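Below is one structure, written out as structure tokens, with a few remarks after it.
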Amino acid sequence: MHWADFTAERLRDERGEQQVACSGITPSGEFHIGHLREILSAEMIHRACLDAGLDSRYIFIVDSMDPLRRVYSFLSPEYERYIGCPLAFIPAPDSNGNPDPEAGSYADHFLTPFLEALGQIGVFPEVIMNHETYSNGEFAAKIHSTIEQADAIREIIESISGRELDENWFPYKPLGSDGSMDGVTVTGYENPFVHWTDRHGKSGSADIRKADGKLPWRIDWAARWGIHGVTCEPAGKDHGAAGGSFDTGLPICRLLGSEPPSKMVYEWIQVKGAGPMSSSSGNTIGPVEALSLVPPEIVRYLIAGSKMNRHIDFDTGSALFQMADEYERLVANPPDSEEEGLSKRQKVAAVTNRGAMKFSQLERGADPADSLGGVSFRHLSMLAQIKSSDEDVWTSMRASGHLTGEPNESLSQRLTRMRNWIGSIHFPEDARIHIHKSISAEARAEISEEQRIFLSSLAEELAESDWSEQAIGTTIREVAPACGIGGREAYIALYWALLGRNHGPKASALLFEIGRESVIALLSS
RNA sequence: GGGCCUGUAGCUUAGUCAGGUAGAGCGCCGGGCUUUUAACCCGGUGGCCGGGGGUUCGAAUCCCCCCAGGCCCGCCA
């Protein structure tokens, strides 16, 4: 069974009909591909719950109340003054990394393009800005309860995480007079006010019913589970480590009177050969960039087709072909778990693969067959290289029976993405079609005397023939027997001359695109 | 130091939770398609399931030990 369906069943057993799947991300910088695993893992479980007939919501909590930790490399030193301030309350950077008072909040700045990217992969979560949950008072009861039980919470964190908390530790961090929570000391609590003194010597009171401060991360996480009734929140393996925030969150959540989701941990995505992704290291391929290159179903399939506990190497090179092949093969020929003679393990595999296919669809319940667009990813990569205009691609596809009528929106976008990929540094060199200017020594060594004569005869004939794909094809097939070789031999010779290989995309189409003069120059060389 | 994950064919891996004769794709090799869009179709090659012990009628699967690799343990998905 697919992991998402399996999880949905477990959730029903644990928590019943009402399910809330949740993701949480801090918008501290550019979002990266790794965040998609957080999002998609939860979203697929949500879909699986719906498929299982459960009443499920999928919420995306943006940690907009989290403070700016430090001045990241893409920020100007001016951000120094905002360290410790909630991301929702500080200005977004402009293109030079300087704070731009006109550009809205820092949190929104990074969140907006990410949400747009999510839409492209069919993810439409209920977005909850955590600072709003503070400002509208929803956190107040949990904060009060936290402060009342501060000693017990301290005991949980110290014993489970092994960390020793400072003597002045207080389980609520008020914002000081400058809006930062750094250097603020709590001096007392009178519900609903937390009194404080900041590093400038000023003092004040934070209202726990407002966004005047926040709970420390480990408590914040545990508290929100209760506030939103979260029943499932897959977390990155950093949170999953022994003594990590998941382990402390479970008892804290119960202490605050709610039932936590059970622990669920996923492995990280890495850029092939480049170590873990991180928003601040600059080692990123943004979801926005990735989705400009890769079909959205394939991005979903990357996650849906991998078990949660496995690393994923995100490879925007030749592995994309393999992944697309795999997906297309699966969709074209869905495995049937009811088939006679399958062993138990083959049945399991069949059901799992069908699940992966199901969760890869942009729209829940859509027919996977509709996602193919009539042409394989590999094939499209060739057409896009051979044909410079989109219209010629469609013409070619109509001629080959891959397309009838006008291309739909999805196919059209596939071509656009393909062209982006081909034009990017990610496109694998060995998939790139390099047209030779003259016949290489290697090619000469590979072809026979008859084939050589064929090539020069072809050059002569093409000088006279009509310049259309069809006429070129006809000429090739006429010239070949005249030189005493079969069609196969003729094409092999042609591919050696054109590409330095013994096979390739449709030769007449290639020649047509190259142009008469270049072709004749090449074949006569 | 504490912990997690991974190790199955040349490569990517399924199967491990619920033990029952090792599956797939890519690659490679061979054949077919007598107009060859890296296509498509057919066939083949290829694995002491990291190593060792144990439980069992039976172990890739469960238990123990070891080896190797990756990662987490301040914020980070």
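These numbers come from the heavy atoms of this one structure, side chains and all, not from hydrogens, waters or symmetry mates. Treat the numbers as computed from the prediction; the structure is a model and nothing was measured. Numbers restart at 1 for each chain; the letters A, B, ... are given by sequence-line order, proteins then strands.
- Atom CG of A:Asp238 is separated from atom C1' of B:C75 by 9 Å (rounded to the nearest Å).
- Atom CD in A:Glu326 sits about 10 Å away from atom P in B:A14, given to the nearest Å.
- A:Ala509 comes within 4.0 angstrom of no nucleic acid atom, judged by non-hydrogen atoms across all strands.
- Rounded to the nearest Å, the gap between the C1' atom of B:C41 and that of B:C33 is 8 Å.
- Rounded to the nearest Å, the gap between the P atom of B:G54 and that of B:C72 is 38 Å.
- When ring centroids are compared, A:Phe170 and A:Tyr172 stay outside the 6.0 Å threshold.
- One atom, CG of A:Leu302, and another, P of B:U13, lie 11 Å apart when rounded to the nearest Å.
- When the P atom is compared between B:U61 and B:G20, the two are found 11 Å apart, to the nearest whole Å.
- Take the nearest nucleotide of RNA chain B for A:Gln385 and for A:Asn309: the residue whose nucleotide is more 5' is A:Asn309.
- Note that NE2 of A:His46 and OG1 of A:Thr231 are 11.0 Å apart. Values are rounded to the nearest 0.5 Å.
- Between A:Ile312 atom CD1 and B:U12 atom C1' there is a gap of 13 Å when expressed in whole angstrom units.
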Legend entry - A:Trp3/A:Tyr266 under ring-ring contact (aromatic ring centres under 6.0 Å, His included): CA gap, chis, key distance, verdict: CA-CA 11 Å; A:Trp3 52 261; A:Tyr266 59 85; 9.6 Å; no
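- For the atom pair CG (A:Asp220) and CG (A:Leu215), the distance works out to 5.5 Å, reported to the nearest 0.5 Å.
- A sub-4.0 Å separation between OP1 or OP2 of B:C76 and a side-chain N or O of A:Arg218 is absent.
- In this entry B:C33 has no Watson-Crick or G-U wobble partner, no candidate having both defining distances under 3.5 Å.
- Taking the six-membered ring for Trp and the full ring otherwise, the centers of A:Phe246 and A:Trp217 sit at least 6.0 Å from each other.
- Comparing the same atom, P, in B:G27 and in B:U12 gives a spacing of 15 Å after rounding to whole Å.
- To the nearest 0.5 angstrom, A:Ser161 atom OG is 10.0 Å from A:Asp247 atom CG.
- Residue A:Lys387 places none of its side-chain N or O atoms closer than 4.0 Å to OP1 or OP2 of B:U37.
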Using nucleotides 27-33 of chain B, report all nitrogen or oxygen pairs with the protein that are shorter than 3.5 Å.
| residue | atom | partner | partner atom | Å |
| --- | --- | --- | --- | --- |
| B:C33 | N4 | A:Arg488 | NH1 | 2.2 |

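- Comparing the P positions of B:G3 and B:C66 gives an interatomic distance of 12 Å, to the nearest angstrom.
- Comparing A:Asp66 and A:Tyr495 by the nucleotide of RNA chain B whose heavy atom lies nearest to each, the residue mapping closer to the 5' end is A:Tyr495.
- Residue contacts for A:Ile433: at a heavy-atom cut-off of 4.0 Å it reaches a base atom on one of the strands shown.
- A gap of 31 Å separates the P atoms of B:C28 and B:G69, to the nearest Å.
- In this structure, CG on A:Leu510 lies 6.0 Å from CG on A:Leu499, to the nearest 0.5 angstrom.
- Side-chain proximity of A:Met382 to the nucleotides B:A77, B:A18, B:A38 is greatest for B:A38.
- Considering only side-chain atoms of A:Pro505, the nucleotide from B:U37, B:G70, B:G25 that sits closest is B:U37.
- Using a 4.0 Å heavy-atom cutoff across all strands shown, A:Leu383 reaches at least one base atom of the nucleic acid.
- Look at A:His379 and you won't find any side-chain N or O under 4.0 angstrom from OP1 or OP2 of B:U37.
- Computed from coordinates, the A:Lys506 NZ to B:U35 C1' distance equals 8 Å when rounded to whole Å.
- Distance check on atom P: B:A60 versus B:U21 gives 10 Å, rounded to whole Å.
- For A:Arg310, taking side-chain heavy atoms from C-beta onward, the closest of the listed nucleotides B:U13, B:G70, B:A77 is B:U13.
- A:Gly162 comes within contact range of no nucleotide atom at all, as no heavy-atom separation falls under 4.0 Å.
- Taking the six-membered ring for Trp and the full ring otherwise, the centers of A:Phe110 and A:Tyr106 sit less than 6.0 Å from each other.
- Nucleic acid contact class of A:Arg477 (heavy atoms, under 4.0 Å, all strands): base.
- To the nearest whole angstrom, the two P atoms, one in B:G2 and one in B:C62, are 24 Å apart.
- Looking at heavy-atom distances under 4.0 Å, A:Ser41 makes no contact with the nucleic acid at all.
- Separating the CG atom of A:Asp325 from the C1' atom of B:G25 is a distance of 9 Å, rounded to the nearest angstrom.
- Side-chain proximity of A:Leu499 to the nucleotides B:G25, B:A77, B:A38 is greatest for B:A38.
- Each of B:C71, B:U37, B:A77 was ranked by its minimum atom distance to the side chain of A:Ile25; first place goes to B:A77.
- Of the candidate nucleotides B:A77, B:G25, B:A14, B:A14 has the atom lying nearest to any side-chain atom of A:Lys307.
- Residue A:Ile39 is out of contact with every strand shown, counting any heavy-atom pair closer than 4.0 Å.
- By the criterion of a centre-to-centre distance under 5.5 Å and near-parallel planes under 30°, the ring of A:Trp268 forms a stack with the base of B:A77.
- A salt bridge links A:Glu267 with A:Lys237: the closest approach of a Lys/Arg side-chain nitrogen to an acidic carboxylate oxygen falls below 4.0 angstrom.
- At the phosphate of B:G74, neither OP1 nor OP2 sits under 4.0 Å from any side-chain N or O atom of A:Trp217.
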Do any side-chain atoms of residues 380-388 of chain A form donor-acceptor pairs under 3.5 angstrom with protein atoms, and if so which ones, sequence neighbours left out?
| residue | atom | partner | partner atom | Å |
| --- | --- | --- | --- | --- |
| A:Ser381 | OG | A:Arg378 | O | 2.6 |
| A:Gln385 | OE1 | A:Ile433 | N | 2.9 |
| A:Gln385 | NE2 | A:Ser381 | O | 3.1 |
| A:Gln385 | NE2 | A:Ala431 | O | 3.1 |
| A:Lys387 | NZ | A:Glu469 | OE2 | 2.5 |

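- In this model, the phosphate group of B:C73 is not approached by any side-chain N or O of A:Ser161 to a distance below 4.0 Å at OP1 or OP2.
- The pairing partner recorded for B:G1 is B:C73, the criterion being a Watson-Crick or G-U wobble arrangement whose two distances lie under 3.5 angstrom.
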